Undergrad: 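This is the structure I want to talk about, given as structure tokens.
What you see is a predicted model, and the numbers here were worked out from it, not measured in a lab.
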Amino acid sequence: MKIRTWKRMARQGFLSLFRNRVMSLASICAIAAALFVLGLIMAVVMNINNIVAGLESKVEITIFLKADTQSSDIERMEQQIKGWEGINEFDYISKDEALETWREEWGDMKYLLDGYNSENNPLPDSFHITVEKPEYVESVVQKAKGFSAVEKVQYSKDVVDSITSIASTTRLFGMIIVIVLIIMSMVIIYNTIRISVFSRRREVNIMKYIGATDWYIRWPFLIEGLVLGIIGAVISGGLTAGVYSLLLKRISSSPMQGNLFSQFQLLSLDSIVYPIAGLFLLVGGTVGITASLLSIRKHLKV
């Protein structure tokens, strides 16, 4: 197909946007509204997943060593722990360091521990391990128990099980919501563009009778659907970015920032906007083209 023909079809597609201003505006508004709701839900889901991931990375295991453990045994254990799968980080804490930490935790009442020193320190040497995900806990615990120098392995099984359950439920629920909203967005976009095509069915019939090929007729509608989808995606992306930016500013200036949100930071604007904007453009453009293609199909049968 010649470049001149492509230009003519593109011009027809853009002109039809202005000739059918009311329907075009309705389509853009429907697309923008559907994607905007999708964007807000995705922002919530992404932040919840981020919080859950943060909780997962804080699952801790403490390995207490026997009192007679030699430094050579400790070094050998460190080398083996480094190679374990799922280890986020680990630290060796001597009993003297543990006693000092204990004193700091007691604050003004640390004088009650003045009777303890390096000679009669009741605390054992230990390894403090954090894992990447709760799924690795059982494996790490079993490997730790295999060391002859280990006295006890401690971790909160109930907390680990709760975090695992919350993570699985949250991600499944979030994925279902996003899929449902994408489908709803596609249905809305399809129906609005189908109405636009239906209002111009006589124009399509005339073009068929004078000998225009099916694809020559299709392309202006496909271009129109693509432009409608992209415009709606851009508008919804801007609205989502604006609302999320406002939310971040409100939270940063909130008196609760110092306690509630100090542990769970919301994702930055860039972390939210770029993935959502990419999805908007993909959904808006793809559905715009697909809706136009499906909507015009039956009007080509004359």
Side-chain angles (χ1 to χ4, degrees), residues 1-43 178-208 210-244 272-302:
M1 197 176 293
K2 296 180 180 179
I3 296 178
R4 183 175 58 186
T5 304
W6 281 108
K7 289 182 178 179
R8 185 183 305 114
M9 290 188 299
R11 185 169 61 251
Q12 290 175 354
F14 280 99
L15 286 176
S16 65
L17 290 173
F18 294 99
R19 284 199 301 263
N20 300 275
R21 289 186 292 273
V22 175
M23 289 305 304
S24 296
L25 182 61
S27 299
I28 290 172
C29 290
I31 294 169
L35 293 179
F36 175 61
V37 174
L38 173 62
L40 294 181
I41 297 297
M42 282 192 62
V178 170
I179 291 174
V180 169
L181 285 173
I182 288 178
I183 293 173
M184 289 176 61
S185 302
M186 295 176 70
V187 171
I188 292 173
I189 295 169
Y190 169 76
N191 285 331
T192 53
I193 293 180
R194 187 176 64 176
I195 294 172
S196 177
V197 173
F198 181 77
S199 66
R200 296 160 58 191
R201 63 190 182 282
R202 290 185 179 179
E203 177 184 341
V204 173
N205 291 338
I206 292 171
M207 294 177 68
K208 280 289 293 183
I210 63 176
T213 63
D214 288 349
W215 277 106
Y216 184 86
I217 297 172
R218 285 190 186 106
W219 274 112
F221 289 99
L222 297 181
I223 293 171
E224 180 183 357
L226 175 63
V227 172
L228 289 173
I230 290 176
I231 293 175
V234 170
I235 293 174
S236 58
L239 289 173
T240 303
V243 170
Y244 192 77
I272 290 291
V273 170
Y274 289 132
I276 289 179
L279 178 64
F280 282 2
L281 290 173
L282 178 63
V283 172
T286 302
V287 175
I289 292 175
T290 304
S292 297
L293 190 62
L294 295 175
S295 298
I296 198 175
R297 181 176 56 184
K298 69 177 182 178
H299 297 296
L300 295 175
K301 299 175 181 179
V302 294

Undergrad: Provide the closest heavy-atom pair for Ala241 versus Val273 in the form atom of the first, atom of the second, distance.
TA: CB-CG2, 3.7 Å
Undergrad: Can you tell me how far apart OH (Tyr244) and CE (Met42) are? Round to the nearest 0.5 Å.
TA: 12.0 Å
Undergrad: For Phe36 and Ser236, which heavy atoms make the closest approach, and how far apart are they?
TA: N-CB, 3.7 Å
Undergrad: How far apart are the closest heavy atoms of Leu228 and Ile31, and which atoms are they?
TA: O-CD1, 3.6 Å
Undergrad: Can you tell me how far CD1 of Ile230 sits from CD1 of Ile28, rounded to the nearest 0.5 angstrom?
TA: 11.5 Å
Undergrad: I need the minimum non-hydrogen distance between Ile235 and Ala32, along with the two atoms involved.
TA: CG2-CB, 4.0 Å
Undergrad: Is the shortest heavy-atom distance from the side chain of Thr240 to the side chain of Phe280 under 4.5 Å?
TA: yes
Undergrad: Check Leu222 against Ile289 and note the closest heavy-atom contact, atom names and distance.
TA: CD2-O, 3.4 Å
Undergrad: About how many Å separate CG of Leu38 and CD1 of Ile276, when rounded to the nearest 0.5 Å?
TA: 7.5 Å
